[in-house]
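Comments concern the structure below.
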Amino acid sequence: MSPQEKVQTALFSEALYCKNEQKRPPIWIMRQAGRYMPEYKKIRAQYDFWDMCRIPEIASEVTLLPINLLDVDAAVLFSDILLIVEALGRGVSFEDKIGPVIDRPITCERDIDLLPQIAVEEKLSFITEIIHNLKGTLKVPLIGLCGGPFTVASYLIEGMSSKTLKLTKKWAFQQEASFHKLLDKIADLSIEFINLQIDAGADAVQIFDSWANFLAYPQFLDFSLRYLNKICNGIKDPNFPLILFAKGSSIFAKELATTSAKALSIDWNAHLPDIRQIVGPQVALQGNLDPFVLYGNKETITREAKKLLHDMEGDKGFIFNLGHGVLPDLAFDNVRHLVDLVKSHA
Ligand code: CP3
């Protein structure tokens with residue numbers, strides 16, 4: 001390994017533990033393997049999305065695309081938070097312009113009771129093989145993934161992405177006990193799913209509670225944070241680094257920082273130095289460039305990225321990322337420009 005490669009390998013992990021002494025922060029991008037990449041689209045045209053997640057050779061190849069084409073500082077396992085929903089026997093398909101569509105959304109407590117008892121490590125054993133494959137090749141850390149129980153529950157109930165989460169929130173206010181039963185079940189499965197990824201060799205796991213921002217403060221504590229805590233406290237290695245992400249999460253940063261997660265991934269609304277003030281120096285902060293900046297030209301991207309680099313200059317726990325996933329119709333060259341810019345920051 002060259003000295004430069006050694007620095008790159010260590011960068012993400014050092015920032016995760018708030019110990020990055022280098023001039024530049026590490027960078028990776030949420031949804032970094034996706035449709036904005038012509039190479040992804042070529043593979044996607046040949047395979048069903050779930051086959052891409054399940055066939056170890058394909059999942060590994062897709063995970064490596066952004067490493068080979070962008071040289072980002074961390075890889076993220078090519079998979080999806082709805083894999084748990086699939087494993088529960090509720091088929092998920094991805095319809096053009098609609099997004100995920102869940103077969104037979106759940107509508108009552110009986111549906112929860114009838115969800116099958118599954119052994120995650122058996123049902124999702126292909127994940128172990130994919131992580132083993134990747135760890136044999138990768139020179140940068142591998143981030144695994146898991147959905148937040150509230151967000152996964154919302155897909156099971158709504159059956160698709162929703163602008164209001166009306167069915168989910170109605171359920172939560174009308175039948176609180178059964179809603180908790182569902183969240184608790186998903187949290188248990190999530191713990192098993194993360195343990196599987198820890199055993200296989202993942203270096204960190206990001207939990208996506210993407211839709212927690214739909215909740216008012218008391219319900220955020222009760223329906224989101226409580227189960228994120230259950231996961232943080234339930235995984236087999238209490239020191240294993242977890243990263244928490246929720247879109248709109250900056251309003252809850254103080255509460256999220258009370259968990260044992262090593263890092264918070266912050267949406268683009270927040271001014272990161274303010275969040276640093278709120279959470280203190282011990283938790284890493286990831287984010288938070290508005291993904292829409294990447295629709296601008298290279299000068300605009302440079303200007304906006306430099307503002308963020310300047311804001312977080314010298315912060316030992318800063319991981320450069322977007323505030324949410326990269327959008328599918330973005331120009332690949334613009335994403336590459338961003339990565340090159342951050343990597344050349346001195
Ligand atoms: O970050 C990565 O590159 C790792 C892989 C990853 C995917 N989805 C791949 C994917 C991760 C971490 C996710 C997380 C995910 N999936 C979340 C949480 C993060 C977020 O964006 O809020 C959510 C809510 C989902 C559910 C889901 N899966 C959605 C909303 C979609 C998009 C549907 C669409 O049509 O755009 C998916 C499908 C999906 N997951 C794709 C990818 C690359 C696109 C599938 C395709 O190629 O058709």
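This is a predicted model, so every value here is computed, not measured. When a ligand or atom number is given, it counts from 1 through the structure's own listing order.
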Item to check | Test item: side-chain donor near acceptor, Tyr295 and Asp329, under 3.5 Å | outcome: yes
Checklist outcome for this item: For Glu192, the side-chain contact (heavy atoms from CB on, under 4.5 Å) test, sequence neighbours excluded, returns Val120, Glu121
Next on the checklist: My understanding is that only residues two or more places apart in sequence, or in another chain, count here; which of them pass side-chain contact (heavy atoms from CB on, under 4.5 Å) with Asp237?
Outcome noted: Asn239, Phe240
Item to check | side-chain hydrogen bond (donor to acceptor under 3.5 Å, both in side chains) contacts in which one or both residues fall within residues 137-159, not counting sequence neighbours | outcome: Thr151-Asp209, Tyr155-Ser161, Tyr155-Trp211, Glu158-Thr168
Next on the checklist: Can a donor-acceptor pair be found, under 3.5 Å and without considering hydrogens, that links the side chain of Asn269 to the backbone of Ser250?
Outcome noted: no
Item to check | salt_bridge(Lys181, Asp184) N-O dist < 4.0 Å | outcome: no
Checklist entry - Under a strict 4.0 Å criterion on non-hydrogen atoms, which protein residues are in contact with ligand 1? => result Met30, Arg31, Gln32, Ala33, Arg35, Tyr40, Arg44, Phe49, Val76, Leu77, Phe78, Ser79, Asp80, Ile81, Leu82, Phe94, Gly99, Pro100, Leu145, Tyr155, Phe208, Ser210, His324
